[in-house]
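It should be emphasised that the depicted structure is a prediction, and the values quoted were computed from it without experimental measurement. Residue numbers start from 1 in every chain, and the chains themselves are labelled A, B, ... in the order their sequence lines are given, proteins ahead of strands. All values below come from the heavy atoms of this structure, side chains included, with hydrogens, waters and symmetry mates left out.
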Protein chains: 2
Amino acid sequence: MAATLHDVADLAGVSFKTVSNVINGYPHIRPATREKVERAIAELGYQPNLTARSLRSGRTGAIALAVPELNLSYFAELAGFVIAAAERSDLVTLVEQTGGDRDRELALLQSPRLRMTDGLILSPLGMRQEDVDALEVPFPLVLLGEPVFDWPNDHVSMRNVEATRAGTEYLIASGRRRIAVIGEHEEEVFGSARSRLRGYREALEANGIEYDERIVAGATLWHRADGARAMHELLEGGAPFDAVFGFNDTLALGAMRVLQEAGLRVPGDVAVLGIDDLDEAAYSIPSLTTIDPGREWIARTAVETLLERIARRGKDLPPRTKLADFRIIERESAPPG
Amino acid sequence: MAATLHDVADLAGVSFKTVSNVINGYPHIRPATREKVERAIAELGYQPNLTARSLRSGRTGAIALAVPELNLSYFAELAGFVIAAAERSDLVTLVEQTGGDRDRELALLQSPRLRMTDGLILSPLGMRQEDVDALEVPFPLVLLGEPVFDWPNDHVSMRNVEATRAGTEYLIASGRRRIAVIGEHEEEVFGSARSRLRGYREALEANGIEYDERIVAGATLWHRADGARAMHELLEGGAPFDAVFGFNDTLALGAMRVLQEAGLRVPGDVAVLGIDDLDEAAYSIPSLTTIDPGREWIARTAVETLLERIARRGKDLPPRTKLADFRIIERESAPPG
DNA sequence: CCAAGATCCTACAACGATGCAAACGGACAT
DNA sequence: ATGTCCGTTTGCATCGTTGTAGGATCTTGG
């Protein structure tokens with residue numbers, strides 16, 4: 001078995017409390033004693049038992065991150081940033097997958113599994129308006145994704161409305177008028193689809209273009225396959241379009257593939273725009289014009305925000321909303337006008 | 001503060017140990033008592049403190065997974081499968097990123113951070129032969145990636161040599177003779193590059209094709225950008241080739257992009273083959289022919305293997321090596337002959 | 001009606017760490 | 001020589017749980 005404070009203490013010939021003091025940097029220790037203890041620690045390869053320390057201190061040094069799936073590149077990259085940011089604060093990250101499923105999201109908020117962590121960063125997707133109460137949990141919680149109603153939590157997101165509005169206007173400025181959308185999600189409350197659609201509609205309206213629901217395609221999870229399926233529907237629907245705005249890059253990439261299979265040229269016949277700026281988007285054929293949502297900023301800020309909450313546990317800190325800046329990345333699939 | 005066993009016990013009017021017994025399904029409890037306790041639990045919303053339970057039981061219910069980066073799609077998808085498999089066994093998964101860096105891999109093996117988990121699944125990339133001793137750790141450890149030398153650990157991997165041999169022969173059968181490679185990694189011990197190169201060479205030899213190192217390009221981390229850079233080198237090198245075997249899909253996709261930028265047709269001028277069968281590979285233009293390495297099987301098996309080790313902690317179980325079956329997925333970038 | 005054996009419940013000691021307060025010993029002033 | 005003070009070390013309680021052992025209560029058979 002691993003060595004404990006007592007083992008070290010026995011070897012060093014001091015009380016186990018002294019060993020604890022050495023480890024925790026207590027100042028009043030005679031150099032000779034400190035050295036004895038350190039030698040014993042080294043000899044036994046002692047490492048503190050973090051579980052015991054957690055029990056005593058009430059802090060675990062771990063946070064949880066819950067995303068729909070790591071199989072969705074956006075969330076994989078986001079998770080990578082969150083883990084890196086957490087590590088910089090000496091926290092480890094426990095990753096959960098909800099599948100974007102309402103029941104699993106709700107179950108997670110109740111789950112004792114989280115008791116092993118100091119707080120949760122949740123990217124909800126399936127939850128509905130009536131579930132808002134479930135967000136009143138006894139641990140620090142930061143939400144990712146669009147803020148919609150009043151709730152008692154911190155919140156970090158991209159500027160969905162502004163970004164899709166800007167994206168749509170970018171397409172309009174480049175001469176497109178019939179801009180299809182993929183990724184609409186009627187019932188959603190917490191995800192970004194609804195706000196993204198709003199930004200899109202605002203841009204149309206501001207430019208005197210009529211909203212045509214025949215070229216608005218839904219997609220619940222945002223896999224490439226969903227983008228492909230949606231594009232098939234759009235093509236079969238027969239309503240004309242000269243651009244496609246995928247509400248994320250994987251949808252856009254799935255759609256772009258289908259467009260080209262159908263013999264349409266991108267961007268010649270149809271321009272394609274995504275959101276996320278995945279690594280992958282720079283290497284597709286053609287490379288994908290997209291909107292950088294500030295992923296890394298979001299990840300870093302979410303961890304910081306959670307840490308502030310953890311530090312002030314008890315004291316009430318009003319819920320905060322923090323929004324990242326976005327940036328349009330011009331590439332081949334939708335060149336500027 | 002959260003309720004404890006004592007709080008529940010007070011409310012129910014029993015000893016706290018009885019509450020513990022109810023929770024742990026101890027059989028001899030009068031129905032009336034059980035009900036009283038359960039009502040108290042519900043009323044207080046009691047949830048067991050997992051940290052205390054861990055301290056007492058010595059098990060944490062968490063495992064750690066360490067991969068180079070979640071930004072690499074292969075590892076993101078693998079992590080998703082590992083988390084899902086762990087969850088089926090009621091384990092949570094703590095994800096660490098090593099960046100494929102030797103020092104960070106070694107540090108991780110020593111780190112007390114892992115003391116919060118029951119075991120580790122590690123996908124080493126930077127470690128060298130002389131670091132093998134570092135793998136003798138006091139906790140259950142399962143390694144992913146090519147087994148190279150004798151070491152005292154369990155090991156789950158794909159069949160690298162056979163797969164690249166089969167892949168190379170597939171290209172040869174389709175009429176290609178000058179098959180370039182991207183992803184070679186000279187110094188590597190634990191990663192897969194070396195074995196993959198071996199399979200490639202075996203296939204060449206078996207078919208009387210000479211090995212030409214001018215068309216073998218290195219790449220340490222396997223991002224799309226690395227594949228792109230390697231392809232630029234190959235093109236500038238001037239040695240002719242009519243196929244490219246990327247040692248993973250992201251390398252292949254990065255390379256494919258550069259090929260087409262250079263005006264070469266895929267697969268007309270150059271066939272492209274990858275390994276991993278990423279989701280993305282089905283949606284590139286052209287879609288990528290690739291080798292399915294059995295990712296999900298690997299993830300599931302790694303978790304199972306780790307669990308066996310955890311269960312028999314102490315008892316010596318000889319180290320095992322488990323290899324997944326692979327499958328060539330025929331798509332457009334390299335059609336069958 | 002009592003002893004024996006189930007059945008149900010409780011007391012106490014861990015697990016390995018930290019916080020608090022008190023004990024120790026030497027230096028110094030009185 | 002005694003008391004005070006400070007730097008240094010220690011003992012004890014504690015975090016919330018589970019394991020072990022044994023006490024209390026209830027059945028049951030003779």
| task | List for me each residue that meets ring pair (Phe, Tyr, Trp, His ring centres under 6.0 Å) alongside Tyr26(A), sequence neighbours excluded, and say none if there are none. | result | His28(A)
| query | Can you give one letter per nucleotide of nucleotides 6-13 of chain C, 5' to 3': B if a protein heavy atom sits under 4.0 Å from the base, S if only from the sugar-phosphate, - if neither? | reply | --BBBBBB
| Spacing between Asn24(B) atom CG and dG16(D) atom C1', to the nearest angstrom | 13 Å
| Given atom CG of Asn49(A) and atom P of dC15(D), what is their separation to the nearest angstrom? | 18 Å
| said: Quick check on dG16(D): is either OP1 or OP2 less than 4.0 Å from any side-chain nitrogen or oxygen of Arg53(B)? | reply: no
| query | Can you tell if the side chain of Arg295(A) reaches within under 4.5 Å of the side chain of Tyr74(A), non-hydrogen atoms only? | reply | yes
| remark: Rounded to whole Å, the CG-P distance (Leu5(B) to dC15(D)) equals 13 Å
| query | In whole angstroms, how far is the P atom of dG16(D) from the CG atom of Asp7(B)? | reply | 8 Å
| said: What is the distance, to the nearest angstrom, from the CZ atom on Arg59(A) to the P atom on dT18(C)? | reply: 14 Å
| query | Got more than 12 heavy atoms from elsewhere within 6.0 Å of CD, Glu308(A)? | reply | yes
| field | 5′-ward residue of the pair Ile23(B)/Ala52(A) relative to DNA chain D | value | Ala52(A)
| message | What I want to find out is whether Arg113(B) reaches Glu96(B) closely enough, with some N-O distance under 4.0 Å, to be called a salt bridge. | response | yes
| request: Verify the contact: side-chain N or O of Ser57(A) to OP1 or OP2 of dT18(C), cut-off strictly under 4.0 Å; return yes or no. | output: no
| field | Basic-acidic side-chain contact under 4.0 Å: Arg102(A), Glu130(A) | value | yes
| query | Just by distance, with hydrogens left out, do Asp154(B) and Thr305(B) show a side-chain donor and acceptor under 3.5 Å apart? | reply | no
| request: Determine the contact category for His6(A): base if any of its heavy atoms lies under 4.0 Å from a base atom, sugar-phosphate if only primed atoms, P, OP1 or OP2 are that close, otherwise nothing. | output: nothing
| request: Write down the distance between CE (Met116(A)) and P (dC15(D)), rounded to a whole number of angstrom. | output: 22 Å
| query | Atom OH of Tyr46(A) and atom C1' of dG16(C): how far apart are they, to the nearest Å? | reply | 7 Å
| task | Indicate yes or no: at least one non-hydrogen side-chain atom of Gln47(A) is less than 4.5 angstrom from one of Arg115(B). | result | yes
| request: Figure out the CZ/P separation between Arg115(B) and dG16(C), and round it to whole Å. | output: 11 Å
